[in-house]
Every structure is written in C-alpha cells, then in structure tokens.
Amino acid sequence: MLYPINTKTRTVQSLNGIWRFKQGNHEPQTVLNTKEVMVVPTSFNDVVVDKGKRAYIGDSWYETDCVLPRVGSREEVVVRFGSVTHHATVYVNGVVLGQHKGGFTPFEFVLPAALYQEESIRLTVCVNNELNYTTLPVGNYVKEDGSIHKKVLENFDFYNYAGIHRNVHLYTRPKNHIQDIVITSQLSDDLSEARLEVKVESTEVADTVRIQIFDEENQLVGELENGQMTLKQPRLWEVLDAYLYTARVELWAAGELLDTYTEPFGIRSVEVKNGQFFINHKPFYFKGFGKHEDTYINGRGLNEAANLMDLNLLKDIGANSFRTSHYPYSEEMMRLADRMGIVVVDEVPAVGLFQQFSAALDLIGGGEQQKNTWEVMQTRAAHEQVIDELIKRDKNHPSVVMWVVANEPASHEKGARAYFKPLIERVRDTDPQHRPVTLVNIMMATPDKDEVMDLVDVISLNRYYGWYVHHGDLKKAAEGLSEELHQWQTLYPDKPILITEYGADTLPGLQSMWDIPYTEGYQVDYYEMSHRVFDTIPNLVGEQVWNFADFETNVMLIRVKGNHKGLFSRNREPKQVVREFKKRWNAIPNYHYKSK
Ligand code: BDP
C-alpha cells in the first residue's frame with residue numbers, strides 16, 4: 001500500500017489533532033454529544049487519567065469535522081489511517097464508510113463523490129479494543145457482571161494500548177491512479193551490476209507507464225524499459241550506511257500526465273545459506289533489540305521523536321538492527337530505518353498463540369483449564385490477513401531483511417505444524433523479494449518437542465536461562481543454554497540461529513554485593529554469561545536483547561509497574577549494562593564476525 005505523499009497529482013492533508021471523544025454507546029447518525037476530547041494520534045489510555053477509562057474495553061468513539069479540498073471531476077478523495085487499534089468502523093455523516101480489523105496496519109476508503117460539493121463532512125470512528133481467540137494479538141475476552149464490564153486478559157506481556165494510534169490523512173488522487181509499485185533488484189556476484197525490476201499496478205491501463213530512477217542528489221540515473229533496467233556500479237544500501245534511490249512513476253494517457261508517485265528504495269541482497277545470514281553477499285551479524293512502540297503519555301501512539309531517539313541510541317550502543325516485536329511498527333519508523341541503514345526483522349502481530357500463556361505468568365490468577373492451543377484458536381483468517389497486509393505495506397523497504405510469522409506460539413503442541421505450514425508458504429509466495437522467513441520459538445518448544453522450525457529459514461530463539469530458568473544461578477544457566485544451543489546447531493547445521501530475546505528484569509540503581517536478580521550487577525553478569533556461550537556456537541548469527549527499554553504491561557504478580565528488562569529505562573536512560581554492551585558491540589563488526 002502506498003504511503004501518502006504529495007506529488008504533482010496528489011495532495012495530502014493531515015487530520016491529526018484534537019477530536020471529540022466518548023467511551024460507550026453512541027448512535028453515529030447524531031453528532032457525538034460529549035465534552036471530552038482526544039488527541040489523534042495517541043493511545044487514549046494514559047491521557048484520560050481516570051482509572052476506569054484507562055482500562056476501558058469496548059467501543060470508543062472519535063469524531064471530527066473536516067473541510068474537503070476542491071476536487072476535479074477526474075479526482076477522488078481518500079481518508080487513510082496509519083493504524084487504529086484494534087478494530088475500526090469509519091462513518092461519514094453517520095453512514096458507514098468501511099471497517100478494518102487489526103490494529104497495526106494502514107487502511108483507507110474513498111469518500112463517495114456525492115459528498116465532494118459539501119463544505120465539510122463529519123468523520124466518526126468507532127474504535128474497539130476487544131481481543132479474543134479470533135484476533136491477533138490473542139486475548140482472553142470476558143464479560144463481568146453480565147454485559148456491564150468487559151475485560152481483556154492479554155495473552156501477551158505488553159499493555160493493551162488502544163486508540164487511533166497513527167496518522168490520519170485525507171488525500172486527493174486521480175480516479176485513474178497508481179495503486180501499487182513493486183521494486184525488486186538482482187545483484188551480480190561481484191556486486192558491480194543490479195538488475196532492477198519495477199512493477200506498477202494501476203486502476204486502468206495507461207498509454208505509457210514511465211519509470212525513472214534518481215539518485216540521492218536527485219540526478220537521473222536511468223529509465224526503465226518494459227519495467228526493467230540494469231544499473232552499473234550501484235551504490236548499495238549498506239548496514240549503517242544507507243543509500244536510497246527513488247523510482248518516479250508516471251502514468252500518461254493521450255499526452256497527459258494522469259498520476260505520478262515517487263517511491264524510495266535501496267539496492268541490497270539478502271540470502272541464507274550454510275548456516276549464515278548474508279547481506280550484500282557478506283555474512284552478517286545481528287546486534288540489537290526486540291523493541292516496543294511504548295512511551296510515556298503516548299502509550300503505543302506514534303511518537304516520531306522517540307523513534308529517532310531510539311535509533312540514535314541504537315547506533316550509539318553499537319547495534320545495527322531491531323525486531324518489530326510484537327506487531328508491525330509505524331510506516332514512519334520503517335522509513336526512518338531505511339534512511340539510517342538499520343536492519344529490521346519485521347513481525348506480524350501473531351502473539352499469544354499459546355493457550356495457557358497468561359496463566360503461566362499469573363500463577364494463581366489463570367483460571368482456564370489447559371486445552372490444546374490449535375483446537376481452540378480461530379486465528380487463521382486474521383493471520384492470513386496480517387501477512388498479506390504487512391508484506392503489501394513493507395515489501396519495498398531495504399531495511400526489512402526477514403519476516404516473522406509468529407512470536408512464541410505453542411509450536412510444541414499437536415496441530416502446530418498444520419497451522420503454520422500454509423502460513424509460512426503464504427509469506428514466501430507473497431514477498432516479491434523472497435526474503436527469509438522465521439518463527440520465534442518459545443522456551444518450552446525445545447528441539448525435541450518443536451514441530452515447526454524445520455519449515456523456516458532461520459532458527460529464532462527467545463531464551464531466558466538465568467531468568468525464567470535457573471533464576472539467579474548463572475553457572476547452571478550457562479550449562480543449560482550451551483547444551484540447548486548445541487542441540488539446535490546439531491539438528492539444523494545449515495540454518496542460522498538468531499537469539500531474538502534474552503534478558504533480565506533490572507531496576508536502575510539497585511545494587512548488591514552478590515549476584516542477585518533485579519540488580520544492575522546481575523544484569524551485567526547475565527549478559528556476560530550469555531555472550532560467552534553465544535560465541536561458542538558457530539551458526540549463531542546474532543543477538544537481539546529483550547528489551548531495548550522498559551515498557552508498560554498489565555498488572556501481574558511478576559511485573560513491578562511494567563517489564564524492566566530494558567537496557568534503557570522507559571524514559572531512555574541507560575542502565576549500568578549499557579557500558580558493557582558498547583564495548584562488546586563496538587568490537588563486533590557487522591560482517592564476518594563468525595568465521596566458518
Ligand atoms: C517473552 C515474550 C515477551 C515478554 C518476555 C518477558 O516474547 O513479549 O515480554 O518474554 O517475559 O515471553 O519479559
């Protein structure tokens with residue numbers, strides 16, 4: 001899906017700002033009768049202040065009046081949402097315009113032409129934050145006291161923030177327009193040539209589709225013929241040394257420019273072979289983080305200053321990558337990663353596919369009986385949809401080097417293989433760049449029990465030896481970690497292993513004479529132990545810490561006002577361990593760390 005930009009044929013206007021707001025019942029045919037307001041974009045939870053409203057589950061209504069731009073007879077007006085979490089129904093003047101399921105991908109609707117003469121329209125959005133066994137992420141949905149009080153028990157470990165989370169735009173475009181642009185490139189063995197292919201989808205067939213490539217100085221480097229061209233001596237998109245070309249696409253008919261759009265892209269290759277992960281034909285080592293979109297006040301709402309600060313901190317500590325745990329991040333973040341040369345492992349919001357997950361974390365609260373995850377989950381349709389939408393949105397980003405099909409599903413339970421095989425194939429079939437696919441494996445799905453890892457290209461592991469296993473005993477933790485990693489290495493000698501999570505909750509300022517969990521000293525020792533083991537595994541191609549920063553969770557016995565596994569606190573102040581990471585990661589090159 002194309003990102004909204006201004007071009008000679010398109011005009012974008014922002015609808016961000018202060019909207020009318022109300023939680024509960026409302027008839028959208030009438031004006032939203034409320035004194036309350038809400039910021040767009042943001043999560044509503046932390047700004048409402050009132051405890052009941054913060055935790056509210058159900059419908060939240062947002063409304064604004066917007067003035068329509070002047071539209072020519074051959075143009076149309078589109079309303080576009082970067083994301084609404086988790087379900088949106090959009091109304092114009094009280095009439096349903098469309099719906100979207102899923103809280104982390106963009107969607108848009110064309111406004112009916114009958115409205116274009118009107119001075120302004122009333123735009124209403126009903127935002128619903130219920131999660132259940134048909135949605136992604138997965139939540140346990142309960143109604144308490146009849147229908148009065150709804151509740152979602154997250155099947156995951158982050159706060160269920162909700163609202164209009166990303167930008168809202170109104171834009172005009174020609175009725176006959178460019179719908180999508182798909183860019184792929186094939187690098188020669190010696191990297192001296194790139195074969196470019198650009199496919200343009202449009203609403204109607206135009207006489208001419210003109211595709212020109214420009215460099216970063218805006219100099220024309222070539223024009224495609226039949227959607228193809230060879231670029232000699234291309235400047236590659238390199239890790240931490242990004243280079244972005246732009247493809248300018250023009251649709252022409254009868255000597256007239258119908259539509260034009262410019263799409264940035266990078267030239268780089270990605271490949272998995274011999275147990276290594278290659279970028280631009282060199283074996284790459286991932287240094288970085290699992291993250292969250294999570295900041296004070298904004299919650300999960302778009303916070304571009306925080307995004308930039310996070311990536312600056314990421315570079316400063318010597319890292320080169322992050323995973324969009326546990327959902328697609330904003331389009332703005334993806335564009336920033338492209339520009340800064342930061343490698344992204346891109347994840348769909350498939351988290352919580354584990355029947356007893358919250359019960360496992362909440363020792364006395366988890367009421368439900370153990371069942372078989374793959375018998376009770378009804379997430380297939382949602383899963384297919386998020387795969388399609390994510391790849392459609394992110395396919396051209398050079399920063400994206402791999403797709404994650406799920407985080408910590410019950411891949412050791414019967415039925416996992418039948419569930420995942422078609423989804424993994426779907427990712428492969430859908431991605432025009434054929435990037436590697438992975439699934440992030442949970443601790444319980446050990447090599448002897450797991451049913452799915454042979455289906456993916458990279459063995460991604462979340463491991464907590466020294467935290468959830470052998471808590472406080474780093475000697476035993478080292479033995480356990482080493483033993484398990486060697487098992488994976490032996491089982492899949494041709495697949496790279498990526499540690500996608502490892503970490504220890506740490507409260508800044510807490511110190512001890514001894515090696516005691518939650519202290520800053522323990523976090524330092526925990527990572528020192530983990531790295532010592534990682535360095536002995538030949539196929540281990542990277543380490544992504546859990547987490548970049550502390551983040552908000554729901555109230556749980558094992559959470560002290562959120563999850564504190566961050567290397568940085570929630571307000572981005574470094575913990576003691578950051579100094580150690582700087583030393584290690586600055587000494588590890590992006591390429592050729594593990595010699596084979
Ligand atoms: C894993 C999850 C992650 C949690 C983390 C933890 O993937 O979302 O926050 O462990 O427990 O289970 O800290």
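Remember, it's a predicted structure, so these values are computed and weren't measured experimentally. Just follow the structure's listing: the first ligand is 1, and inside any ligand the first atom is 1. Computed over heavy atoms, backbone and side chain alike; hydrogens, waters and symmetry mates excluded. Start at 1 with the first residue, then count along the sequence.
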Looking only at the aromatic ring of each residue, does the gap between the centers of F568 and F551 stay below 6.0 angstrom?
no

Report yes if E408 has an N/O atom closer than 3.5 Å to an N/O atom of ligand 1; otherwise report no.
yes

For ligand 1, which atoms have a heavy atom of K565 less than 4.0 angstrom away?
6 (C), 11 (O), 13 (O)

What do we get for T553 next to ligand 1 when only non-hydrogen atoms under 4.0 Å count, side chain, backbone, both or neither?
neither

Subset of ligand 1 atoms that lie under 4.0 Å from at least one heavy atom of N462
7 (O)

Please work out whether any backbone atom (N, CA, C, O) or any side-chain heavy atom from C-beta onward of Y468 is under 4.0 Å from ligand 1, and answer side chain, backbone, both or neither.
side chain

Touching ligand 1 at all, F551? Heavy atoms, strictly under 4.0 Å?
yes

Rounding to 0.5 Å, atoms CE (M529) and NE2 (H531) come to a distance of 9.5 Å

Please collect all ring-ring contact (aromatic ring centres under 6.0 Å, His included) contacts where either partner lies in residues 376-411, sequence neighbours excluded, each pair once.
H383-Y419

Would you please say whether a donor-acceptor pair under 3.5 Å links the side chains of E408 and N462?
yes

Ligand-side contact atoms (ligand 1) for residue partner N407, heavy atom cut-off under 4.0 Å
7 (O)

Applying side chain to side chain donor-acceptor pair (under 3.5 Å) as the test, list every pair that has at least one member in residues 512-526; sequence neighbours left out.
T506-Q523

Please work out whether any backbone atom (N, CA, C, O) or any side-chain heavy atom from C-beta onward of V351 is under 4.0 Å from ligand 1, and answer side chain, backbone, both or neither.
neither

Does ligand 1 have any atom sitting under 4.0 Å from a heavy atom of R559?
yes

List ligand 1 atoms under 4.0 Å from N563, heavy atoms only on the residue side.
6 (C), 9 (O), 13 (O)

Heavy-atom gap Y464 to ligand 1 smaller than 4.0 Å:
yes

Ring-ring centroid check F286 F284, cutoff 6.0 Å:
yes

Quick check on F158 - does any of its heavy atoms sit under 4.0 Å from an atom of ligand 1?
no

Centroid-to-centroid, W546 to H326, below 6.0 Å?
yes

Tell me if the aromatic rings of Y527 and Y502 count as close, with their centers under 6.0 Å from one another.
yes

